[in-house]
Amino acid sequence: MKIIIVGASGTMGKHLAAAFEKEHEIVTAATRGCDVQVDITSPSSIENMYKQAGAFDALISTAGPTFVGPWEKLTDKAFRQGVEGKMMGQINLVLIGQHYINPKGSFTLITGALSHDPQKNFANASAANGAVESFVKAAAIELENGIRINAVSPTVIENSPQYFPYFPGDIPVTMQQLEFAFRKSVFGSNTGQIIKPY
Ligand SMILES: NC(=O)c1ccc[n+]([C@@H]2O[C@H](COP(=O)([O-])OP(=O)(O)OC[C@H]3O[C@@H](n4cnc5c(N)ncnc54)[C@H](OP(=O)(O)O)[C@@H]3O)[C@@H](O)[C@H]2O)c1
């Protein structure tokens with residue numbers, strides 16, 4: 001299977017690329033330092049990425065920039081980081097990517113438990129996650145040619161200890177749990193699902 005991983009240089013993306021490259025052809029993408037350069041806040045950059053990558057079977061996104069910080073600093077401008085990044089960036093990966101993906105292919109987007117379990121400093125991510133999760137359910141009944149779409153929605157993950165203090169009471173998701181949630185989406189048959197790896 002040919003799999004594009006957007007966000008492949010990040011904490012989640014690096015793990016997934018290493019896990020899947022043993023059995024699949026992986027195209028890594030991020031703003032820098034990957035096989036293909038892409039800025040998901042730019043539709044033309046996304047289009048260029050798909051043109052460079054060529055036809056593919058699965059798109060995994062672990063790229064979802066948002067504003068993280070205190071409520072007092074959450075301005076209109078700050079909030080748009082998540083709107084243009086995690087929300088529209090990932091939605092455009094699908095809207096544009098549907099014209100390049102092979103029949104029976106799949107899209108797997110990243111959201112997070114903040115959509116239904118908010119924590120302080122993360123209102124922007126909560127809102128973006130909720131929008132992406134609703135989009136996934138809607139897109140699942142629209143996409144043609146057997147193309148599937150799911151979101152993976154973890155709480156804080158074990159390789160991000162810097163976030164542990166912001167998620168009191170949450171048991172961190174292991175990298176194996178995270179990986180297997182993505183496996184369920186990419187190699188399984190479900191669509192329109194919000195997959196919680198915990
Ligand atoms: N870490 C956690 O505990 C956790 C838990 C639940 C949900 N999440 C969500 O999961 C996502 C990934 O988390 P992570 O910890 O793996 O993040 P990360 O380590 O910061 O990695 C983010 C990746 O996305 C890429 N990226 C960022 N902005 C981009 C843009 N505009 N265009 C293209 N690529 C872009 C980065 O590449 P460049 O550096 O080249 O920009 C990097 O490869 C985030 O949306 C986060 O909210 C994280």
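Positions are given from 1 along the sequence. As the structure lists them, so they are numbered: ligands from 1, and atoms in each ligand from 1. Only heavy atoms go into these numbers, but all of them, side chains included; no hydrogens, no water, no symmetry mates.
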With nothing but distance in play, are any N or O atoms of [X] less than 3.5 Å from an N or O of ligand 1?
X: Met12; answer: yes
X: Gly10; answer: yes
X: Ala63; answer: no
X: Asp39; answer: yes
X: Ser9; answer: yes
X: Ala30; answer: no
X: Gly7; answer: yes

Within the side chain of [X], is there an N or O that forms a donor-acceptor pair under 3.5 Å with the backbone of [Y]?
X: Asn150; Y: Gln193; result: yes
X: Tyr50; Y: Phe56; result: no
X: Thr108; Y: Ala151; result: no
X: Lys86; Y: Thr111; result: yes
X: Asp117; Y: Ala113; result: no

Taking the six-membered ring for Trp, are the ring centroids of Phe67 and Phe122 within less than 6.0 Å of each other?
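Not close enough - the centres of the two rings lie 6.0 Å or further apart.
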
What about the rings of Phe187 and His24, do their centers lie closer together than 6.0 Å?
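Yes, ring centres under 6.0 Å apart.
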
How about [X] and [Y]: does a side-chain donor come under 3.5 Å of a side-chain acceptor?
X: Thr155; Y: Asp170; result: yes
X: Thr31; Y: Asp39; result: no
X: Thr41; Y: Glu84; result: no
X: Gln90; Y: Ser61; result: yes

Nearest to [atom] by heavy atom, [options]: which?
atom: atom 22 (C) of ligand 1; options: Val156, Thr62, Leu114; value: Thr62
atom: atom 47 (O) of ligand 1; options: Gln90, Lys86, Gln162; value: Lys86
atom: atom 7 (C) of ligand 1; options: Thr111, Val173, Val38; value: Thr111

Does atom 20 (O) of ligand 1 have a protein heavy-atom neighbour under 4.0 Å away?
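Not a single protein heavy atom is under 4.0 Å away.
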
Look at atom 17 (O) of ligand 1 and say whether a protein heavy atom is found at less than 4.0 angstrom from it.
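It does not; no protein heavy atom is within 4.0 Å.
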
What's the shortest distance from [atom] to any protein heavy atom, and which residue and atom give it?
atom: atom 44 (C) of ligand 1; result: Gly64 O, 3.7 Å
atom: atom 29 (C) of ligand 1; result: Thr31 CG2, 3.8 Å
atom: atom 32 (N) of ligand 1; result: Ile40 N, 2.9 Å
atom: atom 1 (N) of ligand 1; result: Ser160 OG, 2.9 Å
atom: atom 2 (C) of ligand 1; result: Ile157 CG1, 3.5 Å

Has [X] got any heavy atom lying under 4.0 angstrom from an atom of ligand 1?
X: Gly85; result: no
X: Gly89; result: no
X: Thr155; result: yes

Assess whether a salt bridge exists between Glu179 and Arg183, defined as any Lys/Arg side-chain N lying under 4.0 Å from an Asp/Glu carboxylate O.
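A salt bridge links Glu179 with Arg183.
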
Are any of the side-chain heavy atoms of Val38 and Val6 separated by less than 4.5 Å?
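In contact.
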
May I ask you to identify, for Pro65, whether its side chain, its backbone, both or neither come under 4.0 Å of ligand 1 on a heavy-atom basis?
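Side chain only; the backbone of Pro65 stays clear of ligand 1.
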
Please work out whether any backbone atom (N, CA, C, O) or any side-chain heavy atom from C-beta onward of Ile110 is under 4.0 Å from ligand 1, and answer side chain, backbone, both or neither.
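The side chain, only.
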
